[in-house]
Structures are given as C-alpha cells and as structure tokens.
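All ligand and atom numbering here is 1-based and tracks the order in the structure. No hydrogens, no waters, no symmetry mates; every other heavy atom, side chains included, goes into these values.
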Amino acid sequence: DSVEEADFVLVNTCAVRGKPVEKVRSLLGQLRKEKERRGLLIGMMGCLAQLDEGQQMAKKFGVDVLLGPGALTSLPEALKANERFFDLTFREDVLDYIPPPPKGALSAHVTIIRGCNHHCTYCIVPTTRGPEVSRHPDLILKEIELLKQAGVVEVTLLGQNVNSYGKDQPGFPSFAELLRMVGGMGIPRVRFLTSHPVNFTDDIIEAIAETPAICRYIHLPVQSGSDRVLRRMAREYRRAHYLERIRKIREALPDAVLSTDIIVGFPGETEEDFQILLDFLEEAELDRVGVFAYSPVEGAEANRLPDPVPEEVKEERKARLLEVQARVSLRKNQRFVGKTLEVLVDELPEPGLAVGRTYRDAPGVDGVVYVETDGTVRVGERIPVRILRADTYDLHGVQA
Ligand code: SAH
Ligand code: SF4
C-alpha cells in the first residue's frame, strides 16, 4: 500500500513525452534513497525501460529489475533472480498471457494488438513497442469471458492502432469482425482505443452501427488541422480525409461522441498553421480534444526538424486552442439536454447522488453525469437518466 512498507516497487513508465520521463527520474531518485536505507528492490518497466535513456537511468538509480514492454512475462523469473535482471526482448508469449480479472472492477482493458506500423515523426512508440502483432482472437475472447464472469460490464479493446487488428496474421478476423464477435458476448459496453484516420474504414463504421454493445464514442487522433504540418508529421492523411471520415461516422452513428488528440508547437508550425487548426476545430465540431505541447523525445525523427517553436508559444497556443474547443464542446454537449440516456453508475458520493457515465463517456478521461437518484441505486447498475443541464464536459440529470 505504501512505498515505506513495500519490499518491491515496480515503476511502470511512459516515454511518449518528456514530462512523464522526468517524473520517473525523480521517483527513482526517491526509491534509491529508500533502497540505501533498507534494501528495497526496485523494478522498472514500460516504454522508457526499452530506451537507452531509461536503461541509463536504471543503472544510475540501482534498478534491480528492468523489463521492456515485450518482456512482461519475465517478471516471475526476475523476482526469483538473486541479481540484477534486465530483459528487453520481445517475448513470443507476452500476448498469450491472460491476466486475472481485476477484483471488483466494472471496467477493464484487453490488449488486442501490440506495436505500430506507422512512423509519425514525433512518436517513439514504434521504437519501444516494435511492429504490429495481433493477439490470437481465441485468447481475446477467453479473457473477455473471464472478465464477464467476474462482473465486468465494460471492456476497452486496446492497442496503438486497433484498426489494423488481424492484418499481420493470415486467418485472423479483421477489426470489424472482431468488434462484432466481442459485441455479441453479452458485455453491455464495448470500447476500443486508439484508432487511426487512415485505417478507420467503412466496414468498421458499419460494424459499430450494427452492434448495439459497441459504445458510440470514437477517439480518432488528428494531431493537426494543417496539411503542411500533417505532412511533416508523416501522418498519411490530410485534413479533407479526416473531415470525410467524421462525416461518414456521423451519418452512420448520429450522436456519436468524437474525441481527438492534437499536438501544438510541432517544429515549423507557423501562426498561420495554427489558425488553420483553430478553423479546423470549428469545422469538425469534435466533442473533446486532448492537446499536447510538442515534446522533443530522444530518438524521434522530428527532433532533427528545423524551426523549433519556443515553449512559451506552445503554451500560449495550447491555451488559445482550449478556449476555442471549450466553446465547441459546450455547444456539442447541450444536444443531450432533455434526452433520457442510460448511465452506468461508477460512484455514490452521497445519499441521493450518483456519478456515472453514458455509453458515450469513456472511463477515466471524459465527462461524467451527476444524477439525482431515489437513493436505491447501486454501483454498477445502468439506470435511465433525464438530462437537465450540460457543462463543457459533464452532464447533470435526474433518475428517470
Ligand atoms: N497510437 C495513438 C496514440 C499515440 S501516443 C495515435 O496514433 O494517435 C498518444 C498521444 O500522445 C498522441 O495522440 C499524440 O497526440 C501525443 N504525442 C505523441 N508523441 C508526442 C510528442 N513527441 N510530443 C507531444 N505529444 C505527443
Ligand atoms: Fe505513434 Fe500512433 Fe503514429 Fe503509431 S500511429 S507512430 S503510435 S502516433
């Protein structure tokens, strides 16, 4: 429960931007002190572990166990070893491993594909996670069946680019086919993360439209609204393609919630590019936007591009973007006022009040619904709620 009492601390890391890397550095510094004081064992895993930067950190701070994202299944062996244990291989059996269902959880993630075959110039993921490898559908279905038996009512299919599922393995279903299979298993809410605009094909849209259990929430990262920037990012589509995809999604799935990721301050992004991006946001009318200041990560190609954008300009653009998007998001959220929506109850903070999510809101990141209830509802129940009021992201309503 706490670092002070633990015998072994395993630090899971992210290398996608500089900030999480610095957090790991300072945490490892603290852990080393604890280690010197009372012989604690330190483990480190995740994407940073796979990179030179992470390995140097591991040596400097006396990490005992270092496992790359492809070596998770080496953990038992690592814990038995009486000496430093570093494994950065991509083990065949990692995708075969079925984790035990999390105790008492309503929502769970299930990996369906590892790695990424795209080469976005800002991104370190293809380096740390390798090429796309799909997981056997039998294992995916088995894991989901176990989760269902354990009471999980919401499953998120996970991968860097889930739309590519099956392409690397002859005989595997396509992503659209997998969606239909999982959607028919009796799990009331099925989600997926992350999609790529190039691979988000019509058959996927059709599969969602025809499968009620698939949530009407699509996270489709665009990264920029300016074609010049998209080209430098090596994103393989242009603004018009993205807009055409979301038009198609809305046609088939009216009222779907769409969210995106955007990087501001990419090398060479001019004020004009940024204005084009703001204009894109007004035109696309997405529900939610995650915005990141471009972070030069060691080993990513964009690091070598000319014309870096000063930090203060990145921050200023980020703030301006959020301001524009807040107006769009509020406008979009208001379309739910007066409607009755199904809400999955996540929490009961006080008698007569429930906090939950519609099947358009993903766990952890997005909006919630505050519901006045009759006091008898339980966590995990799905209840009809009449929406009375909308904030930028959240909704307020009464049990119907
Ligand atoms: N596979 C997903 C997610 C990749 S990482 C995709 O294709 O979009 C999650 C988000 O982090 C990305 O969508 C991107 O917006 C952001 N990101 C990745 N590298 C970054 C960098 N170097 N600087 C800032 N943001 C970055
Ligand atoms: Fe990174 Fe996503 Fe691009 Fe793959 S598609 S390189 S994970 S941003």
Side-chain angles (χ1 to χ4, degrees), residues 13-23 46-48 50-51 53 69 109 111-134 156-165 167-168 175 191-200 204 218-226 229-237 241-242 245-246 258-269 274 277 280-281 286 288-305 308-311 313-315 317-318 321-322 325 362 364-366:
T13 66
C14 173
V16 105
R17 285 176 291 273
K19 238 183 233 161
V21 171
E22 286 322 303
K23 277 192 193 159
C47 280
L48 183 57
Q50 196 68 28
L51 300 174
E53 196 181 2
H109 289 94
T111 297
I112 64 164
I113 182 168
R114 139 176 114 192
C116 181
N117 286 358
H118 292 278
H119 300 281
C120 308
T121 52
Y122 51 81
C123 184
I124 199 69
V125 170
T127 311
T128 59
R129 304 233 152 181
E132 287 165 4
V133 184
S134 299
T156 305
L157 307 178
L158 205 61
Q160 291 302 331
N161 180 11
V162 288
N163 306 153
S164 288
Y165 178 78
K167 284 184 193 156
D168 57 303
F175 181 59
R191 303 174 178 280
F192 53 91
L193 200 69
T194 302
S195 296
H196 192 292
V198 160
N199 308 111
F200 206 82
I204 297 174
I218 294 161
H219 180 61
L220 197 59
V222 67
Q223 312 300 358
S224 175
S226 155
V229 177
L230 287 172
R231 195 174 314 120
R232 288 159 70 97
M233 287 177 164
R235 297 288 283 184
E236 303 102 320
Y237 57 88
H241 172 82
Y242 188 92
R245 285 292 83 194
I246 60 172
L258 296 173
S259 72
T260 201
D261 286 346
I262 285 173
I263 297 175
V264 293
F266 187 75
E269 183 192 65
F274 182 68
L277 169 60
F280 165 85
L281 289 176
L286 302 168
R288 289 157 197 172
V289 172
V291 47
F292 306 103
Y294 169 71
S295 171
V297 280
E298 219 176 282
E301 216 183 305
N303 248 352
R304 294 194 295 272
L305 288 176
V309 175
E311 286 309 316
V313 176
K314 286 182 198 168
E315 288 308 316
R317 285 184 187 164
K318 198 171 149 180
L321 189 155
L322 286 171
Q325 184 57 39
V365 277
D366 298 292

May I ask whether Gly18 places a heavy atom under 4.0 Å from ligand 1? no
Among all protein non-hydrogen atoms, which one is nearest to atom 17 (N) of ligand 1, and what is the separation to 0.1 Å? Arg17 NH1, 3.5 Å
State whether the shortest distance between N or O atoms of Tyr294 and N or O atoms of ligand 1 falls below 3.5 angstrom. no
Any atom of ligand 1 sitting under 4.0 Å from a heavy atom of Val16? yes
Any chance you could measure Thr127, atom OG1, to Glu298, atom CD, to the nearest 0.5 Å? 11.5 Å
Arg235 heavy atoms, cut-off 4.0 Å: which ligand 1 atoms fall inside? 7 (O)
Which of the ligand 1 atoms, numbered from 1, are nearer than 4.0 Å to a heavy atom of Ser295: 21 (C), 22 (N), 23 (N), 24 (C)
Would the distance check show the side chain of His196 and the main-chain N or O of Val198 forming a donor-acceptor pair, the cut-off being under 3.5 Å? yes
With a cut-off of 4.0 Å, which atoms of ligand 1 are near a heavy atom of Pro221? 8 (O)
Would you tell me which option among Val297, Asp261, Asn303 has the nearest heavy-atom contact to atom 13 (O) of ligand 1? Asp261
Salt bridge present between Lys314 and Glu311 (N-O < 4.0 angstrom): yes
When you look for heavy atoms under 4.0 Å from ligand 1, do you find them on the side chain of Phe292, its backbone, both, or neither? side chain
Quick check for you: to the nearest 0.5 Å, what is the distance between Lys318 atom NZ and Ile262 atom CD1? 12.5 Å
For the NE2 atom of His241 and the CD atom of Glu236, what is their distance to the nearest 0.5 Å? 10.0 Å
Note, Tyr294 side chain near Glu269 side chain (heavy atom, < 4.5 Å): no
With a distance cut-off below 6.0 Å to the six-membered ring centre and an angular limit of 45° from the axis, does Arg232 pair with Phe266 as a cation-pi contact? no
One pair to check against side chain to side chain contact (heavy atoms under 4.5 Å, CB included): Asn117 and Ser164. What are the steps and the verdict? CA-CA 9 Å; Asn117 286 358; Ser164 288; over 6 Å; no
Side chain of Tyr237, backbone of Leu230: donor and acceptor closer than 3.5 Å? no
Grab the two heavy atoms, one from Val162 and one from Leu193, that are nearest each other, plus how far apart they are. CG1-O, 3.4 Å
Option passing side-chain contact (heavy atoms from CB on, under 4.5 Å) with Thr121 (candidates Glu301, Arg304, Arg231, Arg235): Glu301
Rounded distance [0.5 Å steps], OG in Ser224 versus CG in Asp261: 13.0 Å
Numbering as shown, the atoms of ligand 1 that approach Gln160 to under 4.0 Å (heavy-atom distance): 1 (N), 2 (C), 3 (C), 4 (C)
Could you work out, for atom 8 (O) of ligand 1, the closest of His196, Gln223, Lys314, Met233 by heavy-atom distance? Gln223
Provide, to 0.1 Å, the distance between atom 19 (N) of ligand 1 and the closest protein heavy atom, together with that atom's residue and name. Tyr122 CD1, 3.3 Å
Going from CD on Glu22 to CZ on Arg17, what distance comes out if it is rounded to the nearest 0.5 angstrom? 14.0 Å
Let me know which protein residues bring a heavy atom to under 4.0 Å of ligand 2; chain then number is fine for ordering. Cys116, His118, Cys120, Tyr122, Cys123, Val125, Pro126, Gln160, His196, Arg235
I'd like to know whether ligand 1 has Ile263 as a neighbour, heavy-atom separation below 4.0 Å. yes
Checking heavy atoms under 4.0 Å, the part of Ala293 that sits near ligand 1 is backbone
